[in-house]
Amino acid sequence: MENVIELQHINKSFNGFQVKDLSITVKKGYVTGFIGGNGAGKSTTIKLIMNLLQQDSGSISIFGMDYKKNEKEIKQRIGFVYDENIFYEHLNLKEMKKIIQPAYKNWDDKAFQHYVYKFELPLNKKMKTFSKGMKMKASLAIALAHHAELIIMDEPTSGLDPIFRRELLNDLHDLMQDGDKTIFFSTHITTDLDRIADYITFIQNGEHIFTKEFYKIEEEYAIVKGTLDLLDRETEQEFISLRKTNSGFEALTAHKNRVANLFGDTIILEKPTLEDIMYYTKKGGELCV
Ligand SMILES: Nc1ncnc2c1ncn2[C@@H]1O[C@H](COP(=O)(O)OP(=O)(O)OP(=O)(O)O)[C@@H](O)[C@H]1O
């Protein structure tokens with residue numbers, strides 16, 4: 001399967017924060033949700049992918065090309081949707097389009113009109129009157145108007161109301177139907193991913209924890225509940241993180257089947273949410289898999 005994005009052994013240090021030996025691949029034709037807590041390094045990673053930041057070491061390849069030789073071609077093929085304001089506030093969307101359009105050789109005005117209509121965006125209102133959600137949609141309409149093969153979004157749904165959010169997710173879902181687009185997007189709203197993500201990439205403290213197919217996470221991970229007498233040095237090895245109370249324990253495992261065989265019906269296995277996995281992995285710290 002072809003990789004659209006390949007990060008290999010990326011290191012990047014800021015004062016007090018480090019991206020450490022980050023190797024991530026994003027598969028062509030799929031939606032990958034990019035998750036991690038506050039300050040995990042998601043925006044930093046996205047800026048590295050967009051060549052808006054330079055890594056200290058490691059290599060980045062987009063569509064099999066590197067930025068040093070092919071920046072123009074790569075940027076033509078990416079649509080970048082993010083929440084910082086990329087528009088001139090005193091212009092309207094029609095005027096903004098006129099400025100942006102010449103930068104893209106594949107610009108398709110019909111497609112632009114189509115998405116402006118679909119997203120119910122006003123062409124003649126100044127950008128400063130646009131809500132955050134409208135700016136996100138305008139940014140997406142521009143990405144789609146130049147037929148971006150790869151759409152990268154930094155928290156596209158944050159700050160959107162539930163209806164807008166659902167609409168945006170439905171639009172993204174529709175987009176994926178033709179099979180040649182790839183979406184990579186970061187989010188804190190992990191339930192959004194239930195709707196559209198095929199893969200999940202999870203980072204924490206600037207380190208890659210996993211990239212997995214969504215359905216495999218459900219197959220592999222479980223919350224385990226049982227009594228304290230079941231725990232010993234060997235059985236605790238099965239857990240990413242473990243919380244003991246007076247009445248028993250609660251733990252996260254990435255080896256659901258093995259744990260089921262080991263403990264039989266003495267334990268309760270529950271399906272974890274992505275939030276559970278993030279929470280327990282953070283708590284587990286050194287036991288991360
Ligand atoms: N230009 C910079 N200079 C110094 N530190 C930076 C810079 N950019 C980011 N950082 C630091 O890097 C860390 C990771 O930030 P980043 O924005 O990548 O995290 P994030 O996962 O996107 O977080 P959030 O979910 O809160 O948006 C933070 O501690 C941040 O303060």
Side-chain angles (χ1 to χ4, degrees), residues 5-26 31-60 62 67 71 78-86 131-133 135-136 139-140 143 150-162 164-165 168-169 172 182-197 199-212 214 217 240-241 272-286 288:
I5 302 175
E6 274 184 22
L7 267 57
Q8 283 179 341
H9 306 293
I10 296 295
N11 289 286
K12 173 79 189 169
S13 287
F14 296 124
N15 197 5
F17 178 76
Q18 254 186 306
V19 167
K20 291 166 230 125
D21 196 31
L22 194 67
S23 296
I24 291 177
T25 55
V26 174
V31 178
T32 298
F34 189 30
I35 62 170
N38 285 128
K42 299 181 299 298
S43 294
T44 302
T45 305
I46 286 178
K47 283 181 191 152
L48 287 161
I49 292 170
M50 289 304 301
N51 204 30
L52 298 171
L53 262 182
Q54 299 303 311
Q55 66 269 31
D56 300 331
S57 61
S59 67
I60 296 178
I62 316 284
Y67 276 109
E71 167 137 28
I78 300 182
F80 186 31
V81 179
Y82 66 132
D83 67 357
E84 277 165 47
N85 205 348
I86 54 157
S131 69
K132 189 181 157 94
K135 282 182 189 160
M136 276 294 179
S139 189
L140 187 60
L150 168 61
I151 296 173
I152 297 178
M153 301 184 286
D154 197 359
E155 306 229 12
T157 53
S158 80
L160 302 188
D161 72 48
F164 234 92
R165 239 176 58 218
L168 184 65
L169 291 168
L172 294 174
T182 304
I183 297 179
F184 182 69
F185 81 106
S186 68
T187 184
H188 280 140
I189 309 169
T190 50
T191 48
D192 283 353
L193 299 169
D194 298 343
R195 293 177 181 277
I196 58 166
Y199 285 85
I200 302 293
T201 291
F202 175 24
I203 64 166
Q204 186 172 287
N205 296 328
E207 287 182 76
H208 185 218
I209 306 293
F210 63 67
T211 294
K212 281 182 191 291
F214 206 159
I217 296 175
I240 291 168
S241 122
T273 61
L274 286 175
E275 257 175 47
D276 290 329
I277 292 172
M278 287 166 73
Y279 170 78
Y280 280 105
T281 305
K282 188 165 182 182
K283 293 284 166 207
E286 72 282 1
C288 293

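Keep in mind that the numbers below use all heavy atoms, side chains included, and drop hydrogens, waters and symmetry copies. Counting starts at 1 for both ligands and their atoms, in listed order. All values reported here derive from a predicted model rather than from experimental measurement.
- Looking at every heavy atom in both residues, Ile196 comes nearest to Val31 through O-CB, 3.4 Å.
- One finds the CD atom of Gln55 at 13.0 Å from the NE2 atom of His9 (value rounded to the nearest 0.5 Å).
- Proximity of Ile49 to Ile62: side-chain heavy atoms (C-beta onward) are separated by under 4.5 Å at one or more points.
- Contact annotation: Gly206 has no heavy atom less than 4.0 Å from any atom of ligand 1.
- Protein heavy atom at the shortest distance from atom 20 (P) of ligand 1 is Lys42 N, 3.5 Å.
- Between Arg165 atom CZ and Arg195 atom CZ the span is 8.0 Å, to the nearest 0.5 Å.
- Contact between Gly36 and ligand 1 is absent, with no heavy atom of the residue lying under 4.0 Å from the ligand.
- Taking 4.0 Å as the cut-off, Lys47 does not count as a neighbour of ligand 1 on heavy-atom distance.
- The protein atom (non-hydrogen) at minimum distance from atom 15 (O) of ligand 1 is Thr44 OG1, 3.8 Å.
- Of all heavy-atom pairs between Ala143 and Gly79, the closest is CB-CA, 3.6 Å.
- Shown here, atom 31 (O) of ligand 1 is out of close reach of the protein: none of its heavy atoms lies under 4.0 Å off.
- Those atoms of ligand 1 that come under 4.0 Å of a heavy atom in Gly37, given as number and element, are 21 (O), 25 (O).
- A 4.5 Å side-chain heavy-atom check between Leu140 and Ile151 finds at least one atom pair inside the cut-off.
- Here the CZ-OG1 distance, from Phe202 to Thr190, works out to 10.5 Å after rounding to the nearest 0.5 Å.
- Between Val26 and Phe34 the shortest side-chain heavy-atom distance does not fall below 4.5 Å.
- In terms of protein heavy-atom proximity, atom 26 (O) of ligand 1 is closest to Asn38 ND2, 2.8 Å.
- The two atoms that bring Lys42 and Ile203 nearest to each other are N-CD1, 3.7 Å, heavy atoms only.
- Among all protein heavy atoms, the one lying closest to atom 17 (O) of ligand 1 is Ser43 CB, 3.5 Å.
- The nearest heavy-atom contact from the protein to atom 23 (O) of ligand 1 is Gly39 N, 2.8 Å.
- Annotation: atom 27 (O) of ligand 1 to nearest protein heavy atom, Glu155 OE2, 3.9 Å.
- Of the protein's heavy atoms, Phe14 CE2, 3.8 Å lies nearest to atom 1 (N) of ligand 1.
- Regarding atom 12 (O) of ligand 1, its nearest protein heavy-atom neighbour is Phe17 CD2, 3.2 Å.
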